[in-house]
Amino acid sequence: MTIRVLIVEDDIRVANLHADFVRRVPGFAVAGLAHNAAEARARLADTPVDLVLLDNYLPGESGLLLLREMTTDTIMLTAVSDAATVRAAFAAGALNYLVKPFDGDDLADRLTAYARYHAQLSPAGRTASQADIDRAVRLLHERDRRNTPKGMSAATAQLVADGLRSYGSPASAAELATELGIARATAQRYLTSLVRDGGATMRLRYGATGRPEHEYSWVGAGR
């Protein structure tokens, strides 16, 4: 399932930058851009949106006022960092809060965590147990990047971890790469990191002919 994102940001250059960040994260798509509260309301009325990335500084009306009337999941992206505003944002329903300036990996951390939260509480209408709710809250605020080695993408690390977890059986790097649509070498690198972190195990798979192949199984302790 693709998560559709509306970016509400008055600065056109910054809005386009945030859109580029979103497009780099697997499983996310930009549903539209809005540069003020009125445009945001119009977009929400006529466009399917799963998640709003909302600035607080908007012309004529603060993002907090808009947040209070929305029912769409929202992450605040703003330069405002005083404690009162942060508390007000969470009280109004914000799921997360990211202070500008930030880079693509910072946003990818929040988006991949949101995707896991979203999946835990989907589909709509399903009855959630207390364990489901507790896990969803935990997933929402996990910082995947803390275990991602330098030079590796948190979003790709999560893609590979989720792909291995849902594969249903031990998988080689080549099999998982085909499943996820990434290069075999990329899958191999991230699987090796996952094994090192304790999130997967690796053993040799022996075929009828040729060299044995590494196969990976999900454990999950490291993620």
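Taking CG from Asp55 and OG1 from Thr78, the interatomic distance works out to 4.5 Å, rounded to the nearest 0.5 Å. With rounding to the nearest 0.5 angstrom, the CG atom of Leu191 is 11.5 Å from the CD atom of Glu215. Remark: Asn36 CG to Asp10 CG distance equals 9.0 Å, nearest 0.5 Å. Once rounded to the nearest 0.5 Å, the distance linking CG of Leu67 with CD1 of Ile75 reads 12.0 Å. Taking CZ of Phe21 as the start and CG of Asp106 as the end, the distance is 8.5 Å to the nearest 0.5 Å. Note that CG of Leu176 and CD1 of Ile182 are 6.5 Å apart. Values are rounded to the nearest 0.5 Å.
When all heavy atoms of Ala177 and Ala187 are compared, the closest pair comes out as CB-CB, 4.0 Å. Minimum heavy-atom separation, Ala31 to Arg43: O-NH1, 3.9 Å. When all heavy atoms are compared, the tightest approach of Gly163 to Leu180 is CA-CD2, 4.0 Å. Shown here for Leu121 and Ala136, the closest heavy-atom pair between the two residues is CG-CB, 3.7 Å.
Side-chain contact check for Thr186 versus Val160: every heavy-atom pair is 4.5 Å or farther apart. Leu164 has its side chain within reach of Leu194: a pair of non-hydrogen atoms, C-beta onward, lies under 4.5 Å apart. You'll find the side chain of Val80 stays beyond 4.5 Å of the side chain of Val99, heavy atoms only. Taking the side chain as every heavy atom from C-beta outward, Tyr117 and Leu95 approach each other to under 4.5 Å. Within the 4.5 Å cutoff, no side-chain heavy atoms of Tyr167 are placed close to those of Trp218. Counting heavy atoms from C-beta on, the side chains of Arg205 and Ser172 come closer than 4.5 Å. Residues Leu53 and Val8 are not in side-chain contact: their nearest non-hydrogen atoms beyond the backbone lie 4.5 Å or more apart.
Put simply, the side chain of His35 gets close to the backbone of Glu9: a donor and an acceptor are under 3.5 Å apart. Side-chain N or O atoms of Asn56 include one that pairs as donor or acceptor with a backbone N or O of Leu64 at under 3.5 Å. In terms of modelled atom types and a separation under 3.5 Å, the side chain of Thr47 and the main chain of Leu44 share no donor-acceptor contact. Checked by atom type and distance alone, the side chain of Thr178 pairs as donor or acceptor with a backbone atom of Ala174 at under 3.5 Å. With Asp162 contributing its side chain and Leu159 its backbone, the two residues share no donor-acceptor pair below 3.5 Å. Here the side chain of Thr112 pairs no donor or acceptor atom with the backbone of Arg110 at under 3.5 angstrom.
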- Apply the test side-chain contact (heavy atoms from CB on, under 4.5 Å) to residues Met76 and Leu98: give CA-CA distance (whole Å), side-chain angles for both, the deciding distance (0.1 Å), then the verdict. CA-CA 6 Å; Met76 297 294 293; Leu98 184 57; over 6 Å; no
- Item | CA sep, side-chain torsions, deciding dist, call: Leu6, Leu51, side-chain contact (heavy atoms from CB on, under 4.5 Å) | CA-CA 6 Å; Leu6 173 66; Leu51 176 67; over 6 Å; no
- Task: Check step by step if side-chain contact (heavy atoms from CB on, under 4.5 Å) holds for Arg41 and Met70.
- Result: CA-CA 9 Å; Arg41 291 187 182 96; Met70 293 193 306; over 6 Å; no
- Please report the C-alpha distance between Val49 and Val5 in whole Å, then the side-chain angles of each, then the deciding distance to 0.1 Å, and finally whether the side-chain contact (heavy atoms from CB on, under 4.5 Å) criterion is met. CA-CA 6 Å; Val49 173; Val5 180; over 6 Å; no
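Relative ring orientation between His118 and Tyr114 is described as tilted, the plane-to-plane angle lying within the 30° to 60° band. Ring geometry for Phe102 against His18 counts as parallel: the plane angle stays under 30°, on a 0 to 90° scale with 60° as the upper cut.
A salt bridge is absent between Glu213 and Arg203: the closest approach of a Lys/Arg side-chain nitrogen to an acidic carboxylate oxygen does not fall below 4.0 angstrom.
Under the 4.5 Å side-chain heavy-atom criterion for grouping Ile, Leu, Val, Met, Phe, Trp and Tyr, Val52 is not connected to Val30 through any hydrophobic cluster. Under a hydrophobic clustering in which Ile, Leu, Val, Met, Phe, Trp and Tyr are joined whenever their side-chain heavy atoms come within less than 4.5 Å, directly or via other members, Ile7 and Val14 fall into different clusters. Both Leu140 and Leu107 belong to a single network of hydrophobic side chains, linked directly or stepwise wherever heavy atoms of I, L, V, M, F, W or Y lie under 4.5 Å apart.
Within a 6.0 Å radius of OH in Tyr57, other residues, nucleotides and ligands contribute 12 heavy atoms or fewer. At most 12 heavy atoms of other shown residues, nucleotides or ligands fall within 6.0 angstrom of atom CD1 in Ile12.
Inspection of the Glu175 and Tyr216 side chains reveals no N or O donor paired with an N or O acceptor under 3.5 Å. Side-chain atoms of Asp132 and Gln120 include a donor-acceptor pair closer than 3.5 Å.
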